[in-house]
Amino acid sequence: MSPLLLSLYPGTALHDDQGLLTVRHRWGRTPLGPYTPPLAAALHTLAAGPTAVDEMADRINARAESCGLPPEPQLALFHHCLDRLGHTLQRHATHGSRPLATAVPLAPEAAPRPGPVPDTPLTLDRAAHLRPVDGQLALESPRSRFRVRVEDPRTATPLALLACPASRAELGRHCHELPEGALTALLTLLHSTGFLHPVDDARRDAGRDAGRADTADLPPGWSFHELLAYDGARAGPRDRLYGPVFPLRDTEPPPPPVIRAPTGRTIPLRRPDLDRAAREDRTFTDVLESRASRRTYGERPLTRNQLGELLYRAARVRTVLAARPEDDRPYAVTSRPYPSAGSAYELELYAAVHRCQGLDRGLYHYDPLGHALTALPGFPGAVDDLLREASAATGAAPPPDVHLTLVSRIKRLSWKYAAHSYALTLKNTGVLVQTLSLVATAMGLSGCAVGGGDSETPVRAFGLAAHTEIPVGAFLLGGAAADGPDYATPPASTRRR
């Protein structure tokens, strides 16, 4: 029998639905089979608190005999129910009456790993991590659909040892405060919930199946933080708020759809004639097919009018729409040339101007509603820091005329969306970068997205508020190089026929 105790997740209820035993739980309802007094009594016991499976078997035998029922079918039905309820059964490792750790299922697909703990050296999953949850230390991993609550300080010793491969004998020698039975229960709990792996299997599969769910190694090509971010941005664990549930609606007002322009000198930008652009621009297919990342720039600098046209066509505010609570839109939104999750439009554009005819070298913020730039004070060397970082990220390319930094006012998203607002702002960033790139191509300019960088550099340069205004992307812009492609003539394969 398993050394673990079992209990039903709090709030789970049993019902007799016209002779069918049904369990209602946080994921929905699960029909289990015919309602019988022995089975119902056993499940009510599990709902009351942690119970050993062998103790439950004894109770079922006794209750079946008292009801005049053969015990074997009742036991079989009971084990069938345990299999069906894997997603709502908590598993407990204990030492006598003291709980050591409890595994809580986090999703409907949560199911314990079958089989005993292998008699080989063991190690923790490489994505496992500890963090405080509701006043208790919890072990989690994006590769497990369980959370293990650490309920006794004595479990810290085996967890620390299992960061490296450790045999059962080595664990026993160092875990003096845990008797063998308690240590076995803890290892069984960690193994059955996917936190513990046999080292031999992990090494044997390292070159062939590394990253499988039954090995400790991370999937090839994944870092711990990327795996954690990916899992956190999907529905994944269901014990949390997720999606457009407005988690901050009852505690604070929504951030404004457009921020007030910073204090400073305002430089109005020219508004291009969109009707003329529609007549004279190449076709969308021409622009799309000739778009490329261009990291070289012309001898003549970008002009203020060109920068203004690009920002107007790619990122201006077209309209502002008031809140409509009756339509489940309790916050004001805007319309812009690119799409944005929830019409939040949380992205701000900051410019580090290296050379631009009509603009001084320096730092600026773009006002998408007033279509103007505001000069920012910055500090000596701020422009050079941003250009140096961009050059490093683009293979030592020459400095652009203008370096645009995309900054997310993240709370515009997190006010509406729970658990994945950061993932959404990265998606929005990609959309805006693509829009900037296509407009630059249509205008015959050189443009290039920047794939990485140090977030602290723009934070220092523009005086951004930590975790409130977060840099999420950059776009480099300049005039087309003389030896670049002929933007006036589309490629033969995409010319209008």
Side-chain angles (χ1 to χ4, degrees), residues 269-319 321 333-341 343-345 347 349 351 356-358 366 368-369 371-373 390 394 397-398 400-406 424 426-451 472-497:
L269 297 174
R270 184 176 68 87
R271 297 173 182 261
D273 183 345
L274 294 184
D275 290 334
R276 178 180 177 181
R279 292 192 305 270
E280 298 181 357
D281 269 2
R282 293 177 294 161
T283 67
F284 176 73
T285 299
D286 291 344
V287 172
L288 191 63
E289 291 301 313
S290 59
R291 189 222 60 82
S293 296
R294 309 190 190 280
R295 304 176 182 86
T296 56
Y297 311 98
E299 292 184 4
R300 288 184 298 178
L302 193 73
T303 68
R304 173 172 148 188
N305 284 346
Q306 287 175 318
L307 178 60
E309 179 176 344
L310 176 106
L311 294 174
Y312 187 87
R313 293 175 65 172
R316 78 187 185 281
V317 171
R318 296 188 293 204
T319 55
L321 304 174
V333 299
T334 61
S335 170
R336 309 190 192 194
Y338 62 95
S340 175
S343 296
Y345 290 103
L347 297 176
L349 285 172
C356 183
Q357 183 181 333
Y366 175 59
L369 184 60
H371 188 53
L373 295 174
T394 54
D401 293 346
V402 174
H403 176 294
L404 294 175
T405 298
L406 283 66
L424 290 175
L426 295 183
K427 293 179 174 71
N428 290 343
T429 298
V431 171
L432 179 52
V433 166
Q434 171 74 337
T435 304
L436 290 167
S437 185
L438 292 176
V439 173
T441 301
M443 292 177 59
L445 305 175
S446 290
C448 178
V450 179
V472 287
F475 187 78
L476 311 181
L477 184 66
D483 58 351
D486 182 2
Y487 287 94
T489 305
S493 61
T494 60
R495 289 177 193 160
R496 195 190 303 264
R497 290 178 173 83

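Positions are given from 1 along the sequence.
Under the salt bridge (Lys or Arg N to Asp or Glu O under 4.0 Å) criterion, R276 pairs with E280, sequence neighbours left out. Remark: R313 pairs with D281, E309 by the salt bridge (Lys or Arg N to Asp or Glu O under 4.0 Å) rule, at least two apart or across chains.
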task: Kindly indicate, with the supporting measurements, whether the criterion side chain to side chain contact (heavy atoms under 4.5 Å, CB included) is fulfilled by L311 and R316.
output: CA-CA 6 Å; L311 294 174; R316 78 187 185 281; over 6 Å; no

field: L477 vs L307, side chain to side chain contact (heavy atoms under 4.5 Å, CB included): CA-CA, chis, key distance, verdict
entry: CA-CA 9 Å; L477 184 66; L307 178 60; 3.9 Å; yes

- prompt: Passes side chain to side chain contact (heavy atoms under 4.5 Å, CB included), L310 versus Q306? Steps please.
  reply: CA-CA 6 Å; L310 176 106; Q306 287 175 318; over 6 Å; no

- prompt: Does the side chain to side chain contact (heavy atoms under 4.5 Å, CB included) test come out yes or no for R291 and Q434, once each step is laid out?
  reply: CA-CA 10 Å; R291 189 222 60 82; Q434 171 74 337; 3.8 Å; yes

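A pairwise comparison of heavy atoms in L347 and R336 identifies O-NH1, 4.0 Å as the closest pair. Scanning both residues, G473 and T429, for their nearest heavy atoms gives CA-CG2, 4.1 Å. Smallest separation of non-hydrogen atoms from A315 and Y366: O-CE2, 4.1 Å. Closest approach of T394 to R295, counting heavy atoms only: O-CD, 3.6 Å. Nearest heavy atom pair, residue L302 against residue G479, reads CD1-N, 4.2 Å. Residue S446 comes nearest to A481 through the heavy atom pair OG-N, 3.9 Å, listed as atom of the first residue, atom of the second, then distance.
Looking at S437, its side chain never comes within 3.5 Å of a backbone N or O of V433 through a donor-acceptor pair. Within the 3.5 Å criterion, the main-chain N or O of A341 finds a donor-acceptor partner in the side chain of N428.
Atom-to-atom distance recorded for L445:CG and D401:CG is 9.0 Å, nearest 0.5 angstrom.
Each of V439, L432, L438 was compared with L436 under the side chain to side chain contact (heavy atoms under 4.5 Å, CB included) criterion, and only L432 meets it.
Side-chain contact between L349 and L406 is present, with heavy atoms from C-beta onward closer than 4.5 Å.
Counting non-hydrogen atoms of neighbouring residues, nucleotides and ligands closer than 6.0 angstrom, the CZ atom of R271 exceeds 12 such neighbours.
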